Enquirer: 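Just passing along the structure, written as structure tokens.
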Amino acid sequence: MEFERGDGHAATRLLVEHAGNVEPADAVAMARTGARYAWFSGDRETVRTANQALNGTDPLVRGMAALVDDGFATGLPLPAEFIKRAPDSDPARTYSAMIIGDDTATRELASAAVARCRRDGLIGVLPQVLQDLAGAQVSAGLHRDAAMSVAEAVRISRDTGSHQRLPRLNAVVARVAAIEGDEQRCQELSEMTPDAGGAASVAALALLDLALGCYQSTLDRLETSRQGQLGYTTVVIAATRLSDPGRAEPAFRRFEAWAAASGQPWAEAVAARCRAVPC
């Protein structure tokens, strides 16, 4: 409920703190959900706490905890293995694919989840899986498809009274606006109301700043928030444009290590591009 209201940090704390008071199977589900909310809200400490609550016994949560501390070689194989072993209907498979940067798998898993929700009449779940699908479509450059997915999710959220979900859906469209250089729309969508934790809106605004040549603003936004894979490369480019290799180097080394551990072709290509950027 707290996450749906937009307070991702409160939701993560409640789930993780109470995971120790329920049956083991429920504890795993609660800690996984808490870790997920924490991951996408940029709350590293709660991801670590979720792993501690399960004594490091859940591979998915253990992998996430390793990743927030840059343990890429240890952390990335764990969600990848989870995707292979978990049941097809497990929603954690989709966000596991997001975590490891497998855009193709994310799109396929999210599409399958949308189909299941339609088939089974799970109208309340559909906006979230449409949001997941839209994010994957943006990564693939399918901006029109992403806009259609978000529009449907917005319509359902409004029809069911789930208005608190709209800011997170706005963040997906804000990223498209940033990529397309639509400054006014990106700012409006990002600043209406922060998404849960604000991480996605901050990333969209940083991407817009980079496109507009506002490199210092890009760094200021990202260096005060959790950086994902593409956040690292955004820092590298912005710092390089400012002729500040001292700020570019740490972000590049993190992304280079992540790319090598992930084995994702797109990541290795981006790492090569960053390596070639003159300082």
Side-chain angles (χ1 to χ4, degrees), residues 3 8-9 11-13 15-17 19-20 24-25 27-87 90-106 109 132 135-136 139 196-197 199-200 202-203 222-236 249-268 270-271 274:
F3 190 79
H9 296 300
T12 59
R13 287 194 298 272
L15 285 164
V16 173
E17 287 173 4
V28 170
M30 290 174 66
R32 277 185 186 169
T33 303
R36 174 194 180 186
Y37 289 169
W39 178 275
F40 290 107
S41 299
D43 184 351
R44 296 170 182 256
E45 187 54 42
T46 302
V47 174
R48 298 185 189 103
T49 303
N51 186 47
Q52 293 167 1
L54 297 177
N55 297 314
T57 57
D58 183 70
L60 178 54
V61 178
R62 189 168 74 250
M64 295 169 72
L67 290 171
V68 298
D69 290 323
D70 294 346
F72 306 127
T74 300
L76 285 170
L78 293 171
E81 186 63 25
F82 176 85
I83 294 170
K84 296 176 183 177
R85 294 180 178 274
D90 193 328
R93 297 177 78 223
T94 301
Y95 72 79
S96 295
M98 295 181 196
I99 288 169
I100 65 174
D102 190 335
D103 295 336
T104 300
T106 300
L109 290 168
D132 294 342
S139 295
V202 169
L222 291 178
E223 290 183 345
T224 57
S225 67
R226 181 184 71 84
Q227 298 172 27
Q229 307 97 299
L230 293 181
Y232 293 137
T233 61
T234 303
V235 168
V236 172
E249 184 72 13
F252 172 66
R253 293 304 173 198
R254 289 190 189 96
F255 183 78
E256 185 178 45
W258 185 93
S262 73
Q264 298 294 332
W266 72 263
E268 293 172 345
V270 171
C274 289

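All figures in this text were calculated on a predicted structure; none of them were measured in a lab. Worth knowing before you read on, the calculation uses all heavy atoms, side chains too, and leaves out hydrogens, waters and symmetry mates.
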Enquirer: Can you give me the closest heavy-atom contact between Ser262 and Leu76, atom names plus distance?
Expert: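 Where Ser262 meets Leu76 most closely, the heavy atoms are N-CD1, 3.5 Å.
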Enquirer: What pair of heavy atoms forms the shortest contact from Ala136 to Thr106, and how long is it?
Expert: CB-CG2, 3.7 Å
Enquirer: Indicate the atoms forming the closest heavy-atom contact of Ala271 with Phe252, along with that distance.
Expert: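 Nearest heavy atoms, Ala271 then Phe252: O-CE1, 3.6 Å.
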Enquirer: Which donor-acceptor pairs under 3.5 Å do side chains of residues 93-100 form with protein atoms, sequence neighbours excluded?
Expert:
unit_1 : atom_1 : unit_2 : atom_2 : d
Arg93  : NE     : Ile83  : O      : 3.0
Arg93  : NH2    : Ile83  : O      : 3.2
Ser96  : OG     : Ala92  : O      : 2.7

Enquirer: side-chain contact (heavy atoms from CB on, under 4.5 Å), that's the test. Do Glu249 and Arg253 meet it? Break it down for me.
Expert: CA-CA 6 Å; Glu249 184 72 13; Arg253 293 304 173 198; 2.5 Å; yes
Enquirer: Listing request: all salt bridge (Lys or Arg N to Asp or Glu O under 4.0 Å) pairs with a residue in residues 46-59, at least two apart in sequence or in separate chains.
Expert: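 Residue pairs with at least one partner in residues 46-59: Arg32-Asp58, Glu45-Arg48, Arg48-Asp69.
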Enquirer: The criterion is side-chain contact (heavy atoms from CB on, under 4.5 Å); which residues satisfy it with Ser139, sequence neighbours excluded?
Expert: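 Expected list: Asp103, Arg175.
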Enquirer: Which is it for Phe255 and Val236 under the side-chain contact (heavy atoms from CB on, under 4.5 Å) test, yes or no, and what are the steps along the way?
Expert: CA-CA 9 Å; Phe255 183 78; Val236 172; 6.0 Å; no
Enquirer: Partners of Pro87 by side-chain contact (heavy atoms from CB on, under 4.5 Å), sequence neighbours excluded?
Expert: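 With neighbours one apart ignored, the set is Ser89, Asp90.
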Enquirer: Could you work out, with side-chain contact (heavy atoms from CB on, under 4.5 Å) as the rule, every residue matching Thr57, not counting sequence neighbours?
Expert: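 By the side-chain contact (heavy atoms from CB on, under 4.5 Å) rule, Thr57 matches Leu54, Asn55.
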Enquirer: Taking atom CG of Leu67 and atom CZ of Arg44, what is their separation to the nearest 0.5 Å?
Expert: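 Result: 10.0 Å between the selected atoms.
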Enquirer: Which residues pass the side-chain contact (heavy atoms from CB on, under 4.5 Å) test with Leu78, not counting sequence neighbours?
Expert: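 Leu78: side-chain contact (heavy atoms from CB on, under 4.5 Å) contacts with Pro59, Arg62.
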Enquirer: Working to the nearest 0.5 Å, report the span between CE of Met64 and CG of Asn51.
Expert: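 That separation rounds to 10.0 Å.
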Enquirer: Hey, what do you get for OG1 (Thr104) to CD (Gln264), rounding to the nearest 0.5 Å?
Expert: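 With rounding to 0.5 Å, OG1 (Thr104) is 8.0 Å from CD (Gln264).
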Enquirer: Tell me whether the rings of Trp266 and Trp258 are parallel (<30°), tilted (30 to 60°) or perpendicular (>60°).
Expert: tilted
